[in-house]
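Here the structure is laid out as structure tokens; the discussion comes afterwards.
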Amino acid sequence: MTTQKKYLVTGGAGFIGSNIAWELIRQGHAVTIVDDFSSGHFKNLLGFKGDIITANLAETLPPADYYDAIFHEAAITDTDIHDQKLMMQVNVEAFRNILNYAADNEVKRVIYASSAATYGNGACPMSVNQTPAPENIYGFSKAIMDNVAREFASDNQDMKIVGLRYFNVYGPGEYFKGKTSSMIYQLYNQMKKGHNPKIFKMGEQQRDFVYIKDIVKANMCALTAKDSCVVNAGTGIPRSFNDIVKCLNEELGTKLPAEYIDNPFSFYQLKTQADIALSKEKIGYTPDWTLELGIEDYVKVLEARNK
Ligand SMILES: NC(=O)c1ccc[n+]([C@@H]2O[C@H](COP(=O)([O-])OP(=O)(O)OC[C@H]3O[C@@H](n4cnc5c(N)ncnc54)[C@H](O)[C@@H]3O)[C@@H](O)[C@H]2O)c1
């Protein structure tokens, strides 16, 4: 039997935070969530029995309390937001606040969400050892969070600070993210309406699409990491947009061909691929879900929701 532990999950009303919270509850732990509901949704937490503190972490900290660990997922997640001051305040300053809060309350472990956006169009496979090359303020804010984390960890050797650079995450719980939801969810919705899935010409762009269950697994692995570190959380295998259409057609029993459209973005990551060697070494993370298996699992959930 597991001993019950007490965890704080920031951004717990959001896609990834709610999945982490539910996993911790499934394991029998006590979970408190902090969220300002700016992009999260209460429907991700229907049936949740823990406490929810509603606060903007850039301005207000939760009441002093001890936790076995903090999972920090709260952030501005819309990469199209270009207000630099706002992005830095919410992503970097709120994170600094959480780290100081952890130190003040003797919380010895903070696991936080970084991002593959730190790499921009850097060389693949993308390794945490390469110099970050973010192309937008969102990616820049995540790269600075990693710097803050490294410095904080070196000044606070009794604490473990683990940063996870998530790649392109998809899966249950992303329903309220609108245009920032995964391409897999957006294409599924188009195809369910009988429309041809719209992807950018010629669908050969590649991303490291990672299923939410692997992201939750990476967070659980981070609970046992012996050292502070920043590591990637992806599958290590880049897949194309055409591959997604193929998998969705297979799962839905359809034969809808892709409609190729012009890419309106001046900056676009053409390929992302996580180097996961360090993730295995530092936190013992290896992915379980290929794109085929992830989409198969996800479509089952989506179809059940549609009934
Ligand atoms: N989804 C992905 O593919 C992906 C990829 C890389 C990194 N990430 C990172 O993972 C984390 C979770 O992302 P997500 O996809 O679940 O997004 P999300 O938008 O669903 O979740 C973010 C949550 O943080 C909350 N929040 C935002 N600002 C806040 C503030 N100032 N104070 C308190 N709460 C606040 C939102 O209300 C929301 O519930 C984020 O840090 C994001 O940058 C996500």
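All ligand and atom numbering here is 1-based and tracks the order in the structure.
- Arg239 contributes atom CZ, which lies 5.0 Å from atom CG of Leu291 (distance to the nearest 0.5 angstrom).
- For the 3.5 Å distance criterion, the side chains of Thr79 and Asn136 fail to qualify, holding no donor opposite an acceptor.
- Between the side chains of Gln27 and Tyr7, no donor-acceptor pair is found at a separation under 3.5 Å.
- Remark: Leu256 engages Met191, Asn196, Pro197, Asn249, Thr254 in a side chain to side chain contact (heavy atoms under 4.5 Å, CB included) (not counting sequence neighbours).
- Gly11 CA, 3.6 Å is the protein heavy atom nearest to atom 23 (C) of ligand 1.
- Of the listed residues (Ala94, Ser141, Ala55), the one carrying the non-hydrogen atom nearest atom 33 (C) of ligand 1 is Ala55.
- By the 3.5 Å distance cut-off applied to N or O atoms, Gly40 is counted among the residues near ligand 1.
- Of the options Phe209, Tyr166, Tyr175, Phe167, the smallest heavy-atom separation from atom 8 (N) of ligand 1 is shown by Tyr166.
- Selection from Thr10, Ile98, Ile16 by nearest heavy atom to atom 16 (O) of ligand 1 gives Ile16.
- Distances below 4.0 Å separate heavy atoms of Phe37 from the following atoms of ligand 1: 37 (O).
- Ranking the protein heavy atoms by distance from atom 39 (O) of ligand 1 puts Asp35 OD2, 2.6 Å first.
- The protein heavy atom nearest to atom 2 (C) of ligand 1 is Val169 CG2, 3.6 Å.
- With hydrogens left out, the protein atom closest to atom 32 (N) of ligand 1 is Leu57 N, 2.9 Å, a heavy atom.
- Distances between N or O atoms of Gly12 and those of ligand 1 include no value under 3.5 Å.
- Distances from ligand 1 to the non-hydrogen atoms of Ser114 include at least one value under 4.0 Å.
- Within the 4.0 Å heavy-atom shell around ligand 1 one does not find His41.
- In this structure, Phe200 and Phe265 have perpendicular ring planes: the angle between them is above 60°, well past the 30° mark.
- Proximity to Asn56 (heavy-atom distance under 4.0 Å) selects the following atoms of ligand 1: 30 (C), 31 (N), 32 (N).
- In this structure, CZ in Phe71 is found 10.0 Å from CG in Leu8, a value given to the nearest 0.5 Å.
- Partners of Thr60 under the side chain to side chain contact (heavy atoms under 4.5 Å, CB included) rule, at least two apart in sequence or in another chain, are Ala55.
- Ring geometry for Phe209 versus Tyr170: interplanar angle over 60°, hence perpendicular rather than tilted (30 to 60°).
- Ring geometry for Tyr211 against Tyr298 counts as tilted: the plane angle lies between 30° and 60°, on a 0 to 90° scale.
- Note: no N/O pair closer than 3.5 Å links Asn168 and ligand 1 by distance alone.
- Closest to atom 20 (O) of ligand 1, if we only count protein heavy atoms, is Phe15 N, 2.9 Å.
- Taking every heavy atom of Ser38 and a limit of under 4.0 angstrom, the matching atoms of ligand 1 come to 26 (N), 27 (C), 28 (N), 36 (C), 37 (O).
- Taking the ring centre of Tyr112 as origin, the terminal cationic atom of Arg150 falls outside the region bounded by 6.0 Å and 45° from the ring axis.
- Contact atoms of ligand 1 toward Ala113: 9 (C), 10 (O), 11 (C), 41 (O) (distance under 4.0 Å to a heavy atom of the residue).
- Residue Tyr170 does not touch ligand 1, judged by heavy-atom distances below 4.0 Å.
- With distances taken over non-hydrogen atoms, the option nearest atom 13 (O) of ligand 1 out of Val90, Thr77, Thr79 is Thr77.
- Here the rule is side chain to side chain donor-acceptor pair (under 3.5 Å) with Lys6, and of Asp65, Asp68, Thr32 only Asp65 fits it.
- Ranked by closest heavy atom to atom 11 (C) of ligand 1, the top entry among Arg165, Glu73, Lys177 is Glu73.
- Partner of Pro172 under the side-chain contact (heavy atoms from CB on, under 4.5 Å) criterion, chosen from Val301, Leu302, Asn44: Val301.
- Atoms of ligand 1 found under 4.0 Å from any heavy atom of Tyr138 (numbered from 1 in listed order, with element): 6 (C), 7 (C), 8 (N), 9 (C), 42 (C), 43 (O).
- No side-chain N or O of Asn242 forms a donor-acceptor pair with one of Ser240 less than 3.5 Å apart.
- Looking from atom 26 (N) of ligand 1 to the surrounding protein, the closest heavy atom is Asp36 OD1, 3.3 Å.
- Summary of contacts: the protein heavy atom closest to atom 22 (C) of ligand 1 is Ser39 OG, 3.8 Å.
- There is no side-chain donor-acceptor pair under 3.5 Å between Tyr175 and Asn189.
- With hydrogens left out, the protein atom closest to atom 21 (O) of ligand 1 is Gly14 CA, 3.5 Å, a heavy atom.
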